[in-house]
Amino acid sequence: GSYADANTDVILTSMRAKQEDLENDMQLKYNAYTAMTTQYQAAKAKVQERTPAFTVIQGAAVPLKASGPKRMIFVISMLFLAFIITTLYIAKEDLKDLFKIMKRIKETKIAVIGLGYVGLPLARLFSTKYPTIGYDMNNNRVNRLMEGHDDTLEVCDNLLSEAISNGFTCTSNLDDIRDCNFYIVAVPTPVDVYNHPDLKPLIGASETVGKVISKGDVVVYESTVYPGVTEEECLPVVEKVSELVFNTDFFAGYSPERINPGDKEHTVEKIKKVTSGSTPEIADYVDAIYNSVLINGTHKASSIKVAEASKIIENSQRDVNIAFMNELAKIFNAMDIDTHDVLEAAASKWNFIKMQPGLVGGHCISVDPYYLIQKAQVYGVMPRMMANARQLNDGMGDYVGWQVIKLMNKKGILVKDSKILVLGITFKENCPDIRNTKVVDIYHTLSEYTSNITIYDPWANKTNVNRAYGLDITNEMPKD
């Protein structure tokens, strides 16, 4: 009897142990089932219309209930199989897209149209990784570059000469860029005498692209414009000239320039750039091309229009901020309070944004807001803050001239026929860029009282200044 009881205890203990093992195993399987179900649902959302295998497994799994070990194991097995197939399918598609982009990148040959402050640094940078040709209609500019010197001083002679020795070329011959497949347009977008957008350089560059672009090629615009210009103004021109269909035969992107003339810290390779494309695949391709040469990478915008808008508000915001500082300067000057002392005191607060008043010239801040101002009015919106900021900043040169005259009178200096030396004519320090310089407005205000005005600037090109403004300058400091 005691032997039977002992044997029964052993059997019962063994059965309880097996039951516990089974329960633990079931719990593990249930946990796995729960985790797999979560992954399954995520995968289902992504590929429910893309893989036939998923539909079959889904049909087998749905009618089953997790009401018993066998059914649960079956459900888990089906879900696991679905997960494996889905993962392989997704990986296959992603790898396929990745290999496609990699192949396209490997075959990329770049042409940069417009070799000014924006185009040349960009072309030189791309030439470090891709066959690159720079195109410009100005034959004298091309010749100077091929001699190893950039008159804008944006690219130093050593870097330019090194790029040329490694295969980078500049040309004014259109046939030289016909074999390229990635065209970048970097031409100016000025305003006319009425401050209306002047798209002629951009339209001309689009015609140039249309003459050389082929099926499968991509054109990327860098010029600052209002939202819609790339797709509504430029690409129809490319279509017309090339007789190709946009987004079928050729594709487009937009990556706004962020060059700051004379800035040797935020050079082109260190700038984080916005990119975009006319299709998701082209957006990835354009982004990959730029990412491959930029230290700080890119921000891929959701559309070309978003990328266009982002650029134009960068400069419009700065214009408005500077206008506020200039208005404060006018107020405090009238009150005989030092503006800089006021700003220093205010900047002691943690959230005060410190800026300085000054002349707003150049080709970006003093021009770009006009593009958005005009486009906004087409949609029935009057951007009063931007318009007022432009008016205020455009008048600061004349204001400074009158302040000089006022100070001369206060100090008893006869303004009429006085000898005046103006130090600097470029729109900003330490660069030769004279575009839209407001120093010219100071000169014209002073010239109403005296013709004895000398302009000294060692950075500016005398010929360019005379051609642009009809003024004579000197690159050497006058002795008297």
Requested in this report: Kindly state whether the ring of Tyr370 and the ring of Tyr194 have centres lying under 6.0 angstrom apart.
Outcome: no

Query raised in the report: Would you call Glu314-Arg258 a salt bridge at under 4.0 Å N-O?
Result: yes

Report task. Before accepting this row, confirm whether a basic side-chain N of the pair Arg318/Asp368 lies closer than 4.0 Å to the acidic partner's carboxylate O. Result -> no

Requested in this report: Answer yes or no: is there a side-chain heavy-atom contact under 4.5 Å between Leu471 and Tyr443?
Outcome: yes

Query - Sub-6.0 Å ring centroid separation between Tyr130 and Phe182 - result: no

Query raised in the report: So, Lys438 and Asp394, do they make that salt bridge, N to O below 4.0 Å?
Result: yes

Query raised in the report: Less than 4.0 Å between a side-chain N and a carboxylate O, is that true for Lys428 and Asp433?
Result: no

**Report entry** Shortest non-hydrogen separation from Cys234 to Ser206 and the atoms involved
**Finding:** CB-OG, 3.4 Å

Query - Asp192 side-chain N/O to His196 backbone N/O, donor-acceptor pair under 3.5 Å - result: yes

Query raised in the report: Would a 4.5 Å heavy-atom cut-off, applied to side chains only, mark Arg435 and Pro261 as touching?
Result: yes

Report summary line: Only one of Asp287, Thr275, Asp284, Asn291 passes side chain to side chain donor-acceptor pair (under 3.5 Å) with Lys300, and that residue is Asp284

Query raised in the report: Are side-chain N/O atoms of Thr152 and Asp150 paired as donor and acceptor at under 3.5 Å?
Result: yes

**Report entry** Glu265 with Lys270: basic N within carboxylate O range, under 4.0 Å
**Finding:** no

Query raised in the report: Can Lys330 be said to sit on top of Tyr399's aromatic six-ring, NZ or CZ under 6.0 Å from centre and within 45° of the ring axis?
Result: yes

Query raised in the report: Thinking salt bridges, do Lys273 and Glu222 make one under a 4.0 Å N-O criterion?
Result: yes

Query raised in the report: In Å and rounded to the nearest 0.5 Å, what is the CG to OG1 distance from Asn166 to Thr132?
Result: 11.5 Å

Report task. Decide, yes or no, whether a salt bridge links Lys462 with Asp472 under the criterion of side-chain N to carboxylate O below 4.0 Å. Result -> no

